[in-house]
Amino acid sequence: MLRSEKVDRNTLAQLVADDIEAGSFVNLGIGQPTLVSNYLTSEHDVTLHTENGMLGMGRAAEESEVDIDLINAGKVPVTETPGAAFFHQADSFAIMRGGHLDVCVLGAFQVSATGDLANWHTGAEDAIPAVGGAMDLAIGAKRVYVMMNLFTRDGDIKLVPEATYPLTGVGCVSRLYTDHGIFELSDSGTVEVLALFGLSFEELSSKSDIHFVDATSK
Amino acid sequence: MLRSEKVDRNTLAQLVADDIEAGSFVNLGIGQPTLVSNYLTSEHDVTLHTENGMLGMGRAAEESEVDIDLINAGKVPVTETPGAAFFHQADSFAIMRGGHLDVCVLGAFQVSATGDLANWHTGAEDAIPAVGGAMDLAIGAKRVYVMMNLFTRDGDIKLVPEATYPLTGVGCVSRLYTDHGIFELSDSGTVEVLALFGLSFEELSSKSDIHFVDATSK
Amino acid sequence: MTKIADTAADAVANISDGSTVLMGGFGDAGQPMELIEALLESGAKDLTVVNNNAGQADAGLALLIKERRVNKIICSFPRQSDSWHFDEAYRAGEIELELVPQGNLAERLRAAGAGIGAFFTPTGYGTRLAEGKEVREINGRNYVLEYPIHGDVALIKAFQADEKGNLVYRKTARNFGPVMATAAKQTIAQVEEILPTGTLDPENIVTTSIYTDVMVAIQTQSTELAARERAQGAK
Amino acid sequence: MTKIADTAADAVANISDGSTVLMGGFGDAGQPMELIEALLESGAKDLTVVNNNAGQADAGLALLIKERRVNKIICSFPRQSDSWHFDEAYRAGEIELELVPQGNLAERLRAAGAGIGAFFTPTGYGTRLAEGKEVREINGRNYVLEYPIHGDVALIKAFQADEKGNLVYRKTARNFGPVMATAAKQTIAQVEEILPTGTLDPENIVTTSIYTDVMVAIQTQSTELAARERAQGAK
């Protein structure tokens with residue numbers, strides 16, 4: 001896939017949603033990944049997991065529906081769908097760690113060519129660290145999708161040969177969705193470029209030492 | 001406690017029941033230990049655990065009550081009491097292994113002075129082995145009581161310096177209830193004799209190299 | 001997504017030779033008898049079976065063993081008064097036995113479902129069932145290292161399902177079902193009835209739909225017993 | 001046997017200085033706020049607290065930290081927009097932080113309750129949260145060895161209890177309650193109401209009475225929300 005302009009967050013969320021198979025069990029991380037839920041139609045028949053203890057999570061609660069006992073992992077009040085189920089934390093993380101989720105979608109600071117993920121800590125030594133369920137999500141799902149901008153504000157590419165930020169998980173990212181392209185990662189470190197948006201293959205290659213393979217015409 | 005005659009199984013079951021504190025959670029093993037339930041009154045307010053997945057097990061089912069889905073660890077149809085709860089095998093054995101039962105009562109082939117238990121295998125090499133929950137019960141409860149005859153048919157004492165039968169658990173028996181006496185065991189290997197039935201302390205001592213301490217007058 | 005099969009035969013149709021099959025049940029309670037009979041009919045062989053027991057009398061797992069379709073069994077209590085088919089196969093050296101204490105069996109299945117690589121358990125330490133295994137003292141207590149048991153397929157019996165694949169169980173028939181459902185690549189459940197999605201209370205679901213791959217509705221005595229209980233409760 | 005306390009103050013009265021206190025809750029959901037406030041009133045100090053977070057705003061755990069009654073906190077996500085009391089204590093070097101990935105936190109609590117000595121988890125492998133920890137490759141995957149977290153006391157919030165001490169929870173407020181209840185020497189539960197024994201369905205009990213040592217009935221917003229839900233269901 002090639003587009004002449006970079007894509008916005010909503011378009012990217014649509015592209016992620018398009019890649020989720022019907023009937024999947026999915027966990028959407030906090031932030032940008034949450035947008036994906038707007039593009040999951042009833043045809044998708046996706047069941048959402050939230051790691052604080054629920055399968056079958058529904059949309060965000062409207063004001064009249066707010067229930068302090070029914071929240072998502074971002075502590076936002078949500079609703080439940082028919083067929084939902086509640087369980088405790090050990091059972092909830094067993095779903096993740098045990099490899100039962102089909103897809104989880106996460107944000108990131110950096111992703112390496114071999115799929116290392118850095119999304120919990122900027123590396124600033126004076127920062128108060130907080131990890132939550134990030135490391136469990138990173139290693140848990142059958143497919144781990146990451147959504148982020150491809151470049152920092154300073155223009156540095158965030159898909160890197162080796163992550164410089166503290167890692168969340170090793171070799172765990174399957175596919176990277178960015179405003180400038182979509183990338184399939186593997187243990188080999190060779191990155192398949194599935195889509196480019198407002199960026200040529202040559203421009204991309206010039207930004208990084210990673211070995212890219214052009215698969216945009218597939 | 002001293003009695004001039006050895007005690008029968010029902011009397012022994014009564015003595016075990018007398019030693020179970022009110023409000024305890026208890027697991028009674030298959031065989032002789034099951035008799036204890038006949039002497040647990042409503043004042044005991046004991047809650048029975050069965051390792052196939054239930055707390056609050058009631059008495060054996062009468063013919064009209066038999067339910068194939070409601071059995072005990074011996075596969076005997078039972079009843080449920082008010083406040084009973086069902087759970088799966090991993091949760092059931094977590095109750096045992098986690099040390100949450102107050103007492104379990106087991107049968108035995110041999111018990112050693114330091115509380116090693118042998119109750120699952122006679123050591124006969126051509127026997128088909130079967131262990132069930134015996135090893136989990138042995139190491140699980142806060143107090144492990146064993147009920148058995150003190151002597152084999154051949155007159156050998158079954159409370160031994162070191163077990164010759166294959167072990168079920170190491171150093172796990174707290175107290176031994178037999179037809180000829182009651183014994184408190186500890187890691188030290190010194191055995192406190194709490195009661196003797198139809199056997200003098202001297203007779204007992206002559207049967208074994210174990211260091212016994214006479215506490216029958218306590 | 002959970003598929004609904006029309007028959008037990010359809011439900012087990014894709015179990016291949018050489019599979020590791022987890023079978024729920026403690027004695028008859030929770031034993032997926034109709035699925036096991038269908039597996040027998042299917043002809044699948046060279047199976048490794050994980051069950052608490054090793055079959056009783058002339059039914060279900062016992063017949064699979066009689067027909068020499070089971071190469072290996074992992075169980076806690078094979079020897080019973082009516083386990084004659086297992087006894088015969090074992091004495092003939094025609095079935096391999098891995099004897100596992102019941103709680104370690106349950107925990108190893110749970111570990112498989114929960115993504116745990118191995119765990120230290122106190123159960124079995126110092127016994128012949130721990131011979132050759134790694135041991136370690138932790139905070140003054142001795143433990144044995146045990147590994148997960150993964151299944152290719154789990155055959156379980158639940159009580160009710162909803163169309164989405166959520167399951168509830170009945171009394172002590174729950175036993176191994178919920179843990180085995182998490183430990184297999186494919187979980188096949190026989191249930192008494194399949195209710196519309198939304199019927200089961202989200203607070204009370206024991207096996208969530210993520211674990212149920214195939215289900216088939218087969219009424220057994222459990223349905224009658226539940227009806228009897230309801231009638232008594234209504235008195 | 002489960003004791004019923006008249007007040008939250010009575011329920012927490014025997015928590016001593018230096019205790020490790022497991023506190024249920026994920027954010028406000030399932031947080032035993034009234035028990036934590038009573039603990040604050042009790043004056044107990046030098047506590048180690050285990051909670052998913054490190055307190056929010058000017059309430060509950062945040063106030064315990066403000067008053068410097070917590071020497072150490074074991075949690076997964078301390079830094080929040082309103083965790084100012086923790087932030088201040090942490091920057092002043094007046095509270096020790098052990099940061100644990102949320103799933104390892106839950107599993108370490110479960111291990112404590114289930115008598116597991118240690119377990120190999122893939123979560124955190126290769127990250128700075130695994131630095132200095134034992135690692136092992138098992139079947140081609142890398143794992144970190146993690147140990148149980150035992151509590152002296154667990155403070156949890158459940159929805160309903162029966163007089164025997166069986167507990168059920170409400171929606172995502174269940175979170176850490178059931179695992180913490182198994183992991184502490186003494187479990188203290190605040191519940192919306194205590195019903196006669198036999199009222200709760202034996203199939204649906206989440207925390208069995210064996211784990212509940214003390215309970216106290218305190219109505220919170222959860223009762224209103226459940227009533228609202230019932231009213232909507234009845235429409």
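In what follows, every chain begins at residue 1, and chains take the letters A, B, ... in the order their sequences are listed. Computed from heavy atoms alone, side chains included, the values below leave out hydrogens, waters and symmetry copies.
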Taking everything shown except [X] itself, do over 12 heavy atoms lie less than 6.0 Å from its [atom1]?
X: B:Glu162; atom1: CD; result: no
X: B:Asp18; atom1: CG; result: yes
X: C:Glu94; atom1: CD; result: yes

- [ ] Select, from B:Ala130, B:Ala85, B:Cys172, the one with the greatest count of heavy-atom pairs under 4.5 Å involving chain C.
- [x]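 Maximum pair count with chain C is reached by B:Ala130.
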Open item on the list: Tell me which of these, B:Ala127, B:Gly132, B:Ala73, has more heavy-atom pairs under 4.5 Å with chain C than the rest.
Closed with: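 Result: the option with the highest number of such pairs is B:Gly132.
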What option among [options] has the most heavy-atom pairs under 4.5 Å with chain B?
options: C:Pro101, C:Ala130, C:Gly126, C:Ser222; value: C:Pro101
options: C:Val100, C:Leu129, C:Val179, C:Asp87; value: C:Leu129
options: C:Leu225, C:Asn104, C:Thr220; value: C:Leu225
options: C:Ala54, C:Ala106, C:Gly30, C:Cys75; value: C:Ala106
options: C:Ala226, C:Ser83, C:Ala173, C:Gly177; value: C:Ala173

Indicate yes or no for a side-chain donor-acceptor contact from [X] to the backbone of [Y] under 3.5 Å, with no hydrogens or angles considered.
X: C:Thr127; Y: B:Thr168; result: no
X: C:Arg110; Y: B:Asp91; result: no
X: C:Thr123; Y: B:Asp136; result: no
X: B:Arg97; Y: C:Gly103; result: yes
X: C:Arg79; Y: B:Ile128; result: yes
X: C:Arg174; Y: B:Asn52; result: no

- [ ] Determine, step by step, whether B:Met54 and C:Lys171 satisfy the side-chain contact (heavy atoms from CB on, under 4.5 Å) criterion, reporting the C-alpha distance in whole Å, the side-chain angles of both residues, the deciding distance to 0.1 Å, and the verdict.
- [x] CA-CA 8 Å; B:Met54 181 184 191; C:Lys171 304 188 185 286; over 6 Å; no
Task: Derivation of the side-chain contact (heavy atoms from CB on, under 4.5 Å) call for B:Phe87 and C:Val206 - done: CA-CA 9 Å; B:Phe87 31 78; C:Val206 176; over 6 Å; no
Task: Approximate separation, where rounding is to 0.5 Å, of C:Met180 CE and B:His88 NE2 - done: 12.5 Å
TODO: Hey, could you give me the CD/NZ distance between C:Gln56 and B:Lys75, rounded to the nearest 0.5 Å?
DONE: 5.5 Å
Can you give me the closest heavy-atom contact between [X] and [Y], atom names plus distance?
X: B:Ile71; Y: C:Phe26; result: CD1-O, 3.7 Å
X: C:Pro122; Y: B:Ile139; result: CG-CD1, 3.8 Å
X: C:Pro78; Y: B:Pro129; result: CG-O, 3.1 Å

Open item on the list: Counting C-beta onward and ignoring hydrogens, is there a side-chain heavy-atom pair between B:Ile68 and C:Asp28 closer than 4.5 Å?
Closed with: no
Task: Close side-chain approach of C:Phe159 and B:Asp69, heavy atoms under 4.5 Å - done: no
Side chain, backbone, both or neither of [X] within contact of chain B (heavy atoms, under 4.5 Å):
X: C:Gln80; value: side chain
X: C:Leu97; value: side chain
X: C:Asn53; value: side chain

Open item on the list: As a quick check of understanding, evaluate side-chain contact (heavy atoms from CB on, under 4.5 Å) for C:Asn142 and B:Val170, giving each step before the final call.
Closed with: CA-CA 10 Å; C:Asn142 289 303; B:Val170 177; over 6 Å; no
Task: Test log, rule side-chain contact (heavy atoms from CB on, under 4.5 Å), inputs C:Tyr125 and B:Met135 - done: CA-CA 9 Å; C:Tyr125 175 81; B:Met135 291 184 179; over 6 Å; no
Task: Contact class of B:Phe86 relative to chain C, heavy atoms under 4.5 angstrom - done: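 Answer is both: backbone and side chain atoms of B:Phe86 are under 4.5 Å from chain C.
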Open item on the list: Quick check on B:Val66 against chain C: is it the side chain, the backbone, both or neither that has a heavy atom closer than 4.5 Å?
Closed with: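 Contact with chain C: backbone only.
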Task: Under 3.5 Å side-chain donor-acceptor pair for B:Gln89 and C:Gln102 - done: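 Indeed, the side chains of B:Gln89 and C:Gln102 share at least one donor-acceptor pair under 3.5 Å.
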Open item on the list: Do the side chains of C:Arg170 and B:Asp67 get close enough for a salt bridge, i.e. N-O under 4.0 angstrom?
Closed with: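 Salt bridge: yes.
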